[in-house]
Asker: 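Okay, handing you the structure first.
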Amino acid sequence: MSHHNHLEEPLSEQSLSSLSLTHVEFNPKDPLSYTYAYITLSPLIILISYVSIIVARRELMMINMFFGQLFCEMLNFGLKKWIKEKRPNGINTLLIYVYIDKLGSGYGMPSSHAQFISYFATFASIYLITFHNNSRKFPIILGLIIFSCLVSYSRVYLIYHTTKQVIVGNIFGLTFAIFWYILLEKIIRPLGIFKIIIESRLARYFYIRDNSSVKDIVKIEYMNWLTLIGEKEGQKTD
């Protein structure tokens with residue numbers, strides 16, 4: 001009976017919660033605040049991109065990177081529970097506006113956004129430096145660094161974290177990315193585990209491949225595409 005009454009309770013009187021992953025408060029009168037509100041949502045976009053690329057490309061490296069990202073988030077969750085440092089109270093003297101309500105829920109040390117984007121940018125940069133020998137990788141790496149800084153700073157600007165919480169988040173994200181890369185490429189790969197995975201029936205069924213040893217896979221795939229297009233055009237003329 002009580003459950004039925006709860007369902008009939010007016011929506012305005014119910015205690016509702018927002019999904020913190022997508023809920024961002026910002027000052028609508030501040031253009032930068034509006035911009036940073038979108039930037040701070042980028043980890044969610046990156047997660048969607050992970051899944052999309054894995055389904056489309058079936059690359060073992062991307063799968064390994066994604067698992068590392070998940071483990072990095074688990075580490076962040078554990079650190080927050082262990083450190084138990086609160087988020088800022090919503091007052092920042094560097095900004096011309098003040099939030100009255102508390103921003104964000106849960107603990108704030110270290111910043112999960114900063115740790116997320118730091119891992120992503122660091123691991124991707126290491127991979128580009130190690131496995132790609134063309135000059136186009138440097139602008140990409142620079143872009144990753146700039147974007148990482150923007151996401152991290154957005155958490156301070158929007159007053160969801162202190163500067164210290166963001167810096168510590170970046171340190172943990174960077175450190176875990178280096179650890180995860182060393183674990184994958186210097187310990188697991190030499191043991192031949194990836195080769196066993198790639199040659200398994202399950203991997204062959206889903207077309208999982210390992211192109212980490214191919215230095216310029218983008219160029220090779222492009223040349224293969226040109227060859228395929230040329231063959232199709234040749235068949236039409238015949």
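Keep in mind that the numbers below use all heavy atoms, side chains included, and drop hydrogens, waters and symmetry copies. Along the sequence shown, residues are numbered consecutively beginning with 1.
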Asker: How many angstroms lie between CD1 in I178 and CG in L183, if you round to the nearest 0.5 Å?
Answerer: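 Nearest 0.5 Å value for the CD1-CG distance: 13.5 Å.
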Asker: Partners of Y181 by side-chain hydrogen bond (donor to acceptor under 3.5 Å, both in side chains), sequence neighbours excluded?
Answerer: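 Only T130 meet the side-chain hydrogen bond (donor to acceptor under 3.5 Å, both in side chains) criterion with Y181.
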Asker: Applying salt bridge (Lys or Arg N to Asp or Glu O under 4.0 Å) as the test, list every pair that has at least one member in residues 160-184; sequence neighbours left out.
Answerer: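 Salt bridge (Lys or Arg N to Asp or Glu O under 4.0 Å) check on residues 160-184 returns E85-K164.
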Asker: Mind checking the CD1-CD1 spacing from I193 to I188? Nearest 0.5 Å is all I need.
Answerer: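 So the gap between those two atoms works out to 5.5 Å.
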Asker: Applying side-chain contact (heavy atoms from CB on, under 4.5 Å), run through L158 and T40 and close with a yes or a no.
Answerer: CA-CA 9 Å; L158 296 174; T40 201; 4.0 Å; yes
Asker: Do Y153 and Y36 pass the ring pair (Phe, Tyr, Trp, His ring centres under 6.0 Å) test, and can you show the C-alpha distance, the side-chain angles, and the key distance before you say yes or no?
Answerer: CA-CA 8 Å; Y153 182 67; Y36 280 127; 5.5 Å; yes
Asker: To the nearest 0.5 Å, what is the distance between OG1 (T122) and CD1 (I145)?
Answerer: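 With rounding to 0.5 Å, OG1 (T122) is 8.5 Å from CD1 (I145).
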Asker: Would you mind listing every salt bridge (Lys or Arg N to Asp or Glu O under 4.0 Å) that reaches into residues 176-185, with sequence neighbours excluded?
Answerer: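 Of all non-adjacent pairs touching residues 176-185, those that pass salt bridge (Lys or Arg N to Asp or Glu O under 4.0 Å) are E185-R189.
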Asker: Compare all side-chain heavy atoms of I117 with those of L150 and state whether any distance is below 4.5 angstrom.
Answerer: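 Not touching, per the 4.5 Å side-chain cut-off.
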Asker: Does any non-hydrogen side-chain atom of M109 lie less than 4.5 Å from one of H161?
Answerer: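 Side-chain contact under 4.5 Å: no.
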Asker: Under 3.5 Å, side-chain donor or acceptor atoms of residues 68-81 against the rest of the protein: list the pairs with distances, not counting sequence neighbours.
Answerer:
residue: Q69; atom: OE1; partner: Y50; partner atom: OH; Å: 2.9
residue: Q69; atom: NE2; partner: F116; partner atom: O; Å: 3.1
residue: N76; atom: ND2; partner: P110; partner atom: O; Å: 3.1
residue: N76; atom: ND2; partner: Q115; partner atom: OE1; Å: 3.0

Asker: Backbone N or O of I198 within a donor-acceptor pair of the R209 side chain at under 3.5 Å?
Answerer: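 Absent.
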Asker: Group every Ile, Leu, Val, Met, Phe, Trp and Tyr by side-chain heavy-atom contacts under 4.5 Å, then state whether L60 and V55 land in the same group.
Answerer: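 Cluster IDs for L60 and V55 differ.
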Asker: Write out all pairs satisfying side-chain hydrogen bond (donor to acceptor under 3.5 Å, both in side chains) with one or both partners inside residues 192-206, taking only residues at least two apart or from two chains.
Answerer: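 Listed once each, the pairs would be none.
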Asker: Under 4.5 Å side-chain heavy-atom separation, chaining through any Ile, Leu, Val, Met, Phe, Trp or Tyr, what else clusters with I45? Say none if it is isolated.
Answerer: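 None; I45 is a cluster of one.
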Asker: What distance do Y38 atom OH and S154 atom OG have between them, rounded to the nearest 0.5 Å?
Answerer: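 If we round to the nearest 0.5 Å, Y38:OH and S154:OG are 14.0 Å apart.
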Asker: Please collect all salt bridge (Lys or Arg N to Asp or Glu O under 4.0 Å) contacts where either partner lies in residues 167-179, sequence neighbours excluded, each pair once.
Answerer: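 As it turns out, there is no salt bridge (Lys or Arg N to Asp or Glu O under 4.0 Å) pair with a partner in residues 167-179 once direct neighbours are skipped.
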Asker: For residues I63 and I208, determine if any side-chain heavy atom of one lies less than 4.5 Å from a side-chain heavy atom of the other.
Answerer: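 I63 reaches I208 side chain to side chain.
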Asker: Linking I/L/V/M/F/W/Y whenever any side-chain heavy atoms sit under 4.5 Å apart, do L184 and I187 land together?
Answerer: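 Yes, one cluster joins them.
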Asker: Sequence neighbours left out, what passes ring pair (Phe, Tyr, Trp, His ring centres under 6.0 Å) with F67? Give chain and number order.
Answerer: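 If we apply the ring pair (Phe, Tyr, Trp, His ring centres under 6.0 Å) test to F67, skipping adjacent residues, there are no hits.
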Asker: Tell me the salt bridge (Lys or Arg N to Asp or Glu O under 4.0 Å) pairs involving residues 112-131, sequence neighbours left out?
Answerer: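 Qualifying pairs: none.
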Asker: Apply side-chain contact (heavy atoms from CB on, under 4.5 Å) to S42 and list each qualifying residue two or more places apart in sequence or on a separate chain.
Answerer: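 Listed in chain order: F147, V151.
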Asker: Has the side chain of Y119 got a donor or acceptor atom that lies under 3.5 Å from a matching backbone atom of M65?
Answerer: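 Yes, Y119 side chain to M65 backbone: donor-acceptor pair under 3.5 Å.
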Asker: Is the charged tip of R155 near the ring of Y160: under 6.0 Å from the six-membered ring centre and within 45° of its axis?
Answerer: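 Yes - R155 lies over the ring of Y160, closer than 6.0 Å to its centre and within 45° of its axis.
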Asker: Does F194 share a hydrophobic cluster with L191, counting links as ILVMFWY side-chain heavy atoms below 4.5 Å and allowing steps through other members?
Answerer: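 Linked within one cluster.
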Asker: List the atom of S118, the atom of G173, and the distance in Å for their closest heavy-atom pair.
Answerer: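 Of all heavy-atom pairs spanning S118 and G173, the closest is OG-C, 3.7 Å.
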Asker: How would you list, by chain and number, every residue that makes a side-chain hydrogen bond (donor to acceptor under 3.5 Å, both in side chains) with S152, sequence neighbours excluded?
Answerer: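 By the side-chain hydrogen bond (donor to acceptor under 3.5 Å, both in side chains) rule, S152 matches N170.
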Asker: Members other than I167 in its cluster, when Ile, Leu, Val, Met, Phe, Trp, Tyr link by side-chain heavy atoms under 4.5 Å?
Answerer: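 Grouped by the 4.5 Å side-chain rule, I171 form the rest of the cluster around I167.
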Asker: Could you measure the distance from the CG atom of L128 to the CZ atom of F123? Nearest 0.5 Å is fine.
Answerer: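 Answer rounded to 0.5 Å: 10.5 Å.
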Asker: Looking only at heavy atoms, which two atoms of S111 and V166 are closest? And how far apart?
Answerer: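 S111 and V166 have their closest heavy atoms at CB-CA, 4.0 Å.
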Asker: Which pair of heavy atoms, one from P43 and one from I39, lies closest together, and at what distance?
Answerer: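 The pair with the smallest heavy-atom distance is CD-O, 4.5 Å.
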Asker: Side-chain contact, heavy-atom cut-off 4.5 Å: I46 with F120?
Answerer: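 Contact flag for I46/F120 side chains = yes.
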Asker: Shortest non-hydrogen contact from I197 to A203?
Answerer: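 Heavy atoms of I197 and A203 come nearest at O-CB, 3.0 Å.
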Asker: When rounded to the nearest 0.5 angstrom, what is the spacing between NE2 in H113 and CD in Q165?
Answerer: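 Rounded to the nearest 0.5 Å, the NE2-CD separation comes to 13.0 Å.
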Asker: Taking all non-hydrogen atoms of both residues into account, name the closest pair between L32 and Y157 and its distance.
Answerer: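 What the structure gives for the nearest pair is CB-OH, 3.5 Å.
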Asker: Given the rule that I, L, V, M, F, W and Y join up when any side-chain heavy atoms are under 4.5 Å apart, are V51 and M61 in one cluster?
Answerer: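 No; tracing contacts between hydrophobic side chains, which count when under 4.5 Å, never links both residues.
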Asker: What is the minimum heavy-atom distance between I54 and M62, and which atoms define it?
Answerer: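 Looking at all heavy atoms of both residues, the shortest contact is CG1-CG, 3.6 Å.
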